Amino acid sequence: MEESYILITGGAGYIGSHVNRLLNSKGFRTLVFDNFVTGHRRFVQWGQLVHGDLRDSAQVEELFNRYPIGSVMHFAAFAYVGESMASPAKYYRNNLLSTINLLDAMVRHGVDGLVFSSSCATYGQSTEIPIKEDHPQQPLNPYGQSKLMDEVIIKDYCRAYGLNAVALRYFNAAGAGIDAVIGEWHEPEPHLIPIVLDVALGKRQYVDIYGDDYSSPDGTCIRDYIHVQDIAEAHLKALLHLDKVKGWEVFNLGNGNGYSVRQVIAAAERVSGRAIASRVCERRPGDPVCLVGSSAKAREVLGWKPGFAEIDTIVETAWRWQTRLNELLKKPL
Ligand code: UDP
């Protein structure tokens with residue numbers, strides 16, 4: 001039989017492209033399916049590419065008819081907390097319909113292994129730090145809700161149709177491959193680290209700090225920044241773990257270290273050697289004060305260990321990429 005593909009939905013996006021690259025470097029045959037709404041064609045430099053949209057069930061069916069697919073990694077989703085508060089319908093329609101169409105095709109074609117891209121945003125306000133996988137899930141924003149609903153749907157499909165799925169709940173993905181070939185590139189960019197680095201590059205005047213009156217030591221929100229390469233390694237381990245999964249299993253992916261917005265700005269100043277201006281503004285609706293994860297389960301069961309623990313080393317890779325992206329954007333793409 002022809003060797004099957006690992007289907008990577010959203011493989012032109014930030015995390016999907018790093019996973020696609022890693023899998024190819026390990027000899028896997030990958031099939032990227034992306035609509036390029038937020039992804040970038042230039043990020044798909046490895047494997048086979050199909051341009052298409054998961055919201056169109058006929059396109060998904062054609063994809064599964066045309067290619068032998070062994071397992072699926074599902075990244076494709078809208079993923080901005082702030083935007084989801086303003087446009088919940090966009091998030092529910094896209095993130096749920098895409099997942100359902102994908103799962104239906106998997107069931108029809110007898111593809112039973114799934115690695116699902118979930119999020120710490122499904123937890124909402126933490127009652128315990130670090131957050132373990134069994135922490136209550138009460139999302140504070142539609143993005144987190146849509147990922148939680150996806151989890152519920154996938155769990156039900158596992159039970160009813162015999163799928164086996166691993167959900168990986170990422171904390172804050174950050175950084176870039178050390179050779180800066182691919183990295184974080186959103187338009188517009190809502191995420192803290194690239195925004196802060198754009199200030200260092202002189203592309204923005206200052207970074208808006210979304211609230212400094214939270215119940216944290218310096219009043220700004222705390223997040224657990226986890227390097228995108230470490231997240232990619234965890235996907236590979238989850239893929240290899242799939243044949244041991246009976247139904248549904250979930251892992252947090254974080255460093256276990258929390259950094260405030262102000263600490264991230266300070267790290268970026270150290271790494272870039274430049275002063276970074278900031279101004280405090282209103283809180284961003286939907287933001288929990290503190291999200292720090294326990295990845296003890298992923299370490300124990302998957303044998304995963306993040307290679308980038310310090311915020312400075314994470315920001316350093318982001319800085320290298322952001323500098324390159326800045327140059328790339330000056331030329332016609
Ligand atoms: N943040 C900020 N200013 C910005 C962007 C983000 O203060 O311009 C804060 C945001 O409120 C959150 C943290 O930085 O507390 C990380 O936000 P990001 O959007 O990077 O990731 P999220 O936690 O939303 O997934």
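Quantities reported herein were computed from a predicted structural model and do not represent experimental measurements. Note that ligands are numbered from 1 as they come in the structure, with each ligand's atoms numbered from 1 the same way.
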* Asked: Does the pair His40 and Phe36 meet the rule for a ring-ring contact (aromatic ring centres under 6.0 Å, His included), with working shown?
  -> CA-CA 6 Å; His40 304 282; Phe36 299 120; 8.7 Å; no
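- Salt-bridge formation is not detected for the pair Arg169/Glu133: no Lys NZ or Arg NE/NH1/NH2 atom is positioned less than 4.0 Å from an Asp or Glu carboxylate oxygen.
- Sorted by chain and number, the heavy-atom contacts of ligand 1 below 4.0 Å come from Val81, Asn172, Pro190, His191, Leu192, Ile195, Asp208, Ile209, Tyr210, Cys221, Arg223, Tyr225, Val261, Arg284, Asp287.
- Counting only distance, with no hydrogens or angles, the side chain of Gln59 and the backbone of Asp56 share no donor-acceptor pair below 3.5 Å.
- For the pair Arg29 and Tyr5, the cation-pi criterion (under 6.0 Å, within 45° of the ring axis) is fulfilled.
- For the ring pair (Phe, Tyr, Trp, His ring centres under 6.0 Å) criterion with His235, the lone passing option out of Tyr170, Phe28, Phe116 is Tyr170.
- Checked by atom type and distance alone, the side chain of Ser17 never pairs as donor or acceptor with a backbone atom of Ala12 at under 3.5 Å.
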